[in-house]
Visitor: 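Have a look at this one before I ask anything.
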Amino acid sequence: MNPKTIIAQINEMTAKLQQLQHTDGSWRLCFETGPMTDAYMILLLRSLQRTGDETVIRKLANRIISLQEENGAWKLFYDQPEGDLEATVEAYYALLYSGYFSKEDSRIQKAKQYILNRGGLTQVKTMLTQAFLAITGQSPWPDMLKVPVEFMLAPSWFIFNIFDLSGHARVHLVPIMIMANANYSLRTESTPDLSDLYVGEKLPFESHPSWIHAIHRLLEAAPFLHAPLHEAAVDKAKMFMLDRIEPDGTLLTYSTATILMVYALTSLGYKNESPLLNKAISSLSTLLCVSDHKAHLQVSTSTIWDTAMISIALQQSGVSSREPIIQRSAEYLLSRQQTRFGDWALRCPDTPPGGWGFSNINTLYPDIDDSTAALRAITPYTLTLPEYKQAWHNGLRWVLAMQNDDGGWSAFERESPERMAHLFAFEHAEDIILDRSTVDLTARTLLFLGKEVGQSVARLPVQKAAQWIIRQQEMNGSWFGRWGICYIHGSSAAVTGLLAVGIPQHHPAIERAVRWILSIQNEDGGWGESCYSDIRRHYVALNSSTPSQTAWALDLLIDTHDRPTVQIERGVQRLIELLHISDWRFTYPTGSGLPGSVYVNYHSGNFVWPLLTFSKYLRKYGSLIN
């Protein structure tokens, strides 16, 4: 590979990123998912009968209809051949409710037929789809979502404790609990009638375990306790939401949780003119990615992640920390370090704040991946600027304190007891309600500790983390990555992280991973993995190559080869080609949000990962090929 070709590609991407940087130093690129959030926003605005939102509703509807397939369905990812039932139900419902499409529209009729052919509404299995159908009066509340609100009063040792759930599960489940326990629904004169989407008997959804019924019967058997307990529990649930509202008005920065909170507060008597509701709804507009004719509601913004990772990638590719583009991004990141105690402190009570969150509006919900990314980005300034040095040490202390007992790191909090892991029967429940250690985050933490902190496996916590990663390796040599798709992502992170802390290149686990990644290289020289890997929990080939997955695979290979190989050369060539192909491969979602429900196209991804790969290639092999 001619180094000049790679340098030209780096320069082209760097110039584009300079144009995209905002004046405050951040990069605000879209965190793009399927039609789910767009649909929920339309449902909210229409059911509250707000005025002044017509342009937003029209643009949301335009995006939704633009994603419909020929068979009438909507997909979560390109290679989902027949579409996705839940995505189609949500899109169909929102388009009707928008008022810009009627049941007589041919596209709507095709969507209806698809839903009926898949068994109708009774076959809907995801928690949020079931919840929104119940909230808007299209079905009774499913038993599984009627978790007694009285559990909000449960002590920490009880089998159901709300803080045993992951943070993102908590802020979605609590407003659902408030509404489900009250059998709340909100219908208007313009609410579409979806009763014709039920097949056979009009049961709400498939049956669920009866433990929730049993708890309700127990509470109802003692009415003298039930009434005062219920009132206190509802009040505590309401305060739980209010205490976690970010300064901009969102509930822990999630659009989905914020929409649920607005509905829950409406069920408690809050009116449209309420300042709290107005602020929450207005905050949702700041999460929109808007073009001339379309709008997409992000689950949250990805500003901290995008800014930190782009800064790292630019620095790795040769942009000096003295350059304004890097200085501005560092100043921005410094301003976003969190100083408030969030729920993470419940299991780390003696640790001061110091982490960073994913979103620019996040002040309460730091996470490991964004914290280590921000720390890596500001490292050059810690030698000369005291404020950066102090921030860096505060962040490092927070990251180290969040290590789990098993040696790994979770995304948001130290791992909780898994007492509730089997209490919920909705699809992929464990991935939603638990925040376990993950290979990808643990490995990227090791990458930071090895490269920027100078730690190695000689240090016991690092050794424990490395050993935990090695134990997670699959029989075929790969590792599963929770937050990216999927085995390519996890394997690349694992190998680069292990090597960074001193695991030798010829360790059996590393060699197995190299053999595996080489075995799945595509004929075109690149790599590609399907989102089905995330659903089926084994590697599923995409049969095409994507930029980010090709970059991940190359990172692994470059780190484990002292000289460029034929496979590496072909991969680099293909990566350059992929960056100039504007089709579905460029936008294929390689980020995982909720398995089976939410897959992410990071608009920053096709900058960050290729830049890191190109710069690594030049640093390691440049002198050999000049």
Visitor: Regarding Q316 and R619, do their side chains bring together a donor and an acceptor under 3.5 Å, going by distance alone?
Guide: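 Yes, a side-chain donor-acceptor pair sits under 3.5 Å.
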Visitor: Between S533 and E529, is there a side-chain donor-acceptor contact under 3.5 Å, judged purely by atom types and distance?
Guide: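 Yes, because at least one side-chain N or O of E529 sits under 3.5 Å from a partner of the opposite role on S533.
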Visitor: Evaluate T33 against Y599 for side-chain contact (heavy atoms from CB on, under 4.5 Å), listing each step before the verdict.
Guide: CA-CA 6 Å; T33 57; Y599 293 101; over 6 Å; no
Visitor: Does the side-chain contact (heavy atoms from CB on, under 4.5 Å) test come out yes or no for W356 and L375, once each step is laid out?
Guide: CA-CA 9 Å; W356 279 262; L375 288 167; 3.7 Å; yes
Visitor: May I ask you to check whether Y487 and F480 place their ring centres under 6.0 Å from each other?
Guide: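 Centroid separation for F480 and Y487: below 6.0 Å.
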Visitor: Give a yes or no on whether the ring-centroid distance for W344 and W398 is below 6.0 angstrom.
Guide: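 Between W344 and W398, the centre distance is under 6.0 Å.
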Visitor: Answer yes or no: are there more than 12 heavy-atom neighbours, outside H580 itself, under 6.0 Å from its atom NE2?
Guide: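 Counting neighbours around NE2 of H580, more than 12 heavy atoms of other residues, nucleotides or ligands fall under 6.0 Å, so yes.
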Visitor: Run the side-chain hydrogen bond (donor to acceptor under 3.5 Å, both in side chains) test on S329 and Q21 for me, step by step, so that the C-alpha distance in whole Å, both residues' side-chain angles and the decisive distance to 0.1 Å come before the verdict.
Guide: CA-CA 9 Å; S329 66; Q21 189 180 34; 4.8 Å; no
Visitor: Do R328 and Y332 form a cation-pi contact, if we require the NZ or CZ to be under 6.0 Å from the six-membered ring centre and within 45 degrees of the ring's axis?
Guide: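 That pair does not qualify as a cation-pi contact.
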Visitor: Salt bridge (Lys or Arg N to Asp or Glu O under 4.0 Å) between D406 and R436: does it pass, once the steps are laid out?
Guide: CA-CA 10 Å; D406 63 13; R436 291 167 167 156; over 6 Å; no
Visitor: Are S597 and E86 linked by a side-chain donor-acceptor pair shorter than 3.5 Å?
Guide: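 Short answer, no.
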Visitor: For the pair R414 and D405, evaluate salt bridge (Lys or Arg N to Asp or Glu O under 4.0 Å) and give the outcome as yes or no after the intermediate values.
Guide: CA-CA 9 Å; R414 280 180 58 87; D405 293 340; 2.9 Å; yes
Visitor: Any chance you could lay out the side-chain hydrogen bond (donor to acceptor under 3.5 Å, both in side chains) test for T307 and S26, step after step, and finish with the verdict?
Guide: CA-CA 5 Å; T307 302; S26 68; 4.8 Å; no
Visitor: Would you mind checking if R170 and E413 are paired as a salt bridge, meaning a charged N to carboxylate O distance below 4.0 Å?
Guide: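 A salt bridge links E413 with R170.
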Visitor: Side chains of N362 and Q338: donor-acceptor distance under 3.5 Å anywhere?
Guide: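 Judged by distance alone, the side chains do pair up.
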Visitor: Could you walk me through whether R28 and T303 satisfy the side-chain hydrogen bond (donor to acceptor under 3.5 Å, both in side chains) test, starting with their C-alpha distance in whole Å, then the side-chain angles of each, then the deciding distance to 0.1 Å, before giving a yes or no?
Guide: CA-CA 5 Å; R28 299 168 186 258; T303 311; 4.6 Å; no
Visitor: Among L251, V171, L128, whose side-chain contact (heavy atoms from CB on, under 4.5 Å) with L260 holds?
Guide: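 The residue from L251, V171, L128 that satisfies side-chain contact (heavy atoms from CB on, under 4.5 Å) with L260 turns out to be L128.
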Visitor: So with a 6.0 Å cut-off around CZ of R322, is the heavy-atom count from everything else above 12?
Guide: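 Not buried by this count: 12 neighbours or fewer within 6.0 Å.
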Visitor: If I compare all heavy atoms of S311 with all of W27, which pair ends up nearest, and what's the gap?
Guide: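 Closest pair (atom of S311, atom of W27, distance): N-CZ3, 4.4 Å.
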Visitor: Assess the side chains of S548 and T590: does a donor N or O sit below 3.5 Å from an acceptor N or O?
Guide: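 On atom types as modelled, these side chains qualify, holding a pair under 3.5 Å.
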Visitor: Is the Y365-F358 ring centre distance short of 6.0 angstrom?
Guide: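 Here the rings of F358 and Y365 have centres that are no less than 6.0 Å from each other.
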Visitor: Is it the case that S166 and D435 place a side-chain donor and acceptor less than 3.5 Å from each other?
Guide: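 On atom types as modelled, these side chains do not qualify, holding no pair under 3.5 Å.
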Visitor: Would you mind telling me which of T438, T442, D367, N404 makes a side chain to side chain donor-acceptor pair (under 3.5 Å) with S410?
Guide: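 Among T438, T442, D367, N404, the one meeting side chain to side chain donor-acceptor pair (under 3.5 Å) with S410 is N404.
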Visitor: Checking side-chain hydrogen bond (donor to acceptor under 3.5 Å, both in side chains) for the pair T496/D555: CA distance, chi angles, key distance, verdict?
Guide: CA-CA 7 Å; T496 55; D555 268 357; over 6 Å; no
Visitor: Test Y532 against F77 for ring-ring contact (aromatic ring centres under 6.0 Å, His included), laying out the working first.
Guide: CA-CA 9 Å; Y532 276 122; F77 44 90; 4.9 Å; yes
Visitor: Does K616 come within less than 4.0 Å of D559, counting only side-chain N to carboxylate O?
Guide: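 Salt bridge present between K616 and D559.
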Visitor: Does the side-chain contact (heavy atoms from CB on, under 4.5 Å) test come out yes or no for V598 and M36, once each step is laid out?
Guide: CA-CA 8 Å; V598 178; M36 177 186 76; 3.8 Å; yes
Visitor: Kindly check if the number of other-residue, nucleotide or ligand heavy atoms within 6.0 Å of NZ (K451) is above 12?
Guide: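 Open.
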Visitor: As a test of understanding, state which of H603, H296, Q298 forms a side chain to side chain donor-acceptor pair (under 3.5 Å) with E32.
Guide: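 It is H603, the one option of H603, H296, Q298 that forms the side chain to side chain donor-acceptor pair (under 3.5 Å) with E32.
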Visitor: Is NZ or CZ of K75 both nearer than 6.0 Å to the six-membered ring centre of Y78 and within 45° of the ring axis?
Guide: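 Yes, cation above the ring, under 6.0 Å and within 45°.
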Visitor: Relative to the ring of W483, is the ring of H168 parallel (under 30°), tilted (30 to 60°) or perpendicular (over 60°)?
Guide: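 Rings of H168 and W483: perpendicular, over 60°.
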Visitor: C289 and C30: sulfurs closer than 2.5 Å?
Guide: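 Yes, C289 links to C30 through a disulfide.
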Visitor: For D248, is there an ion pair with K279 - N to carboxylate O distance below 4.0 angstrom?
Guide: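 Not counted as a salt bridge, because no side-chain N and carboxylate O are separated by less than 4.0 Å.
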Visitor: Strictly by modelled atom types, are T379 and E452 linked by a side-chain donor-acceptor pair under 3.5 Å?
Guide: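 Checked: T379/E452 side chains show no N/O donor-acceptor pair below 3.5 Å.
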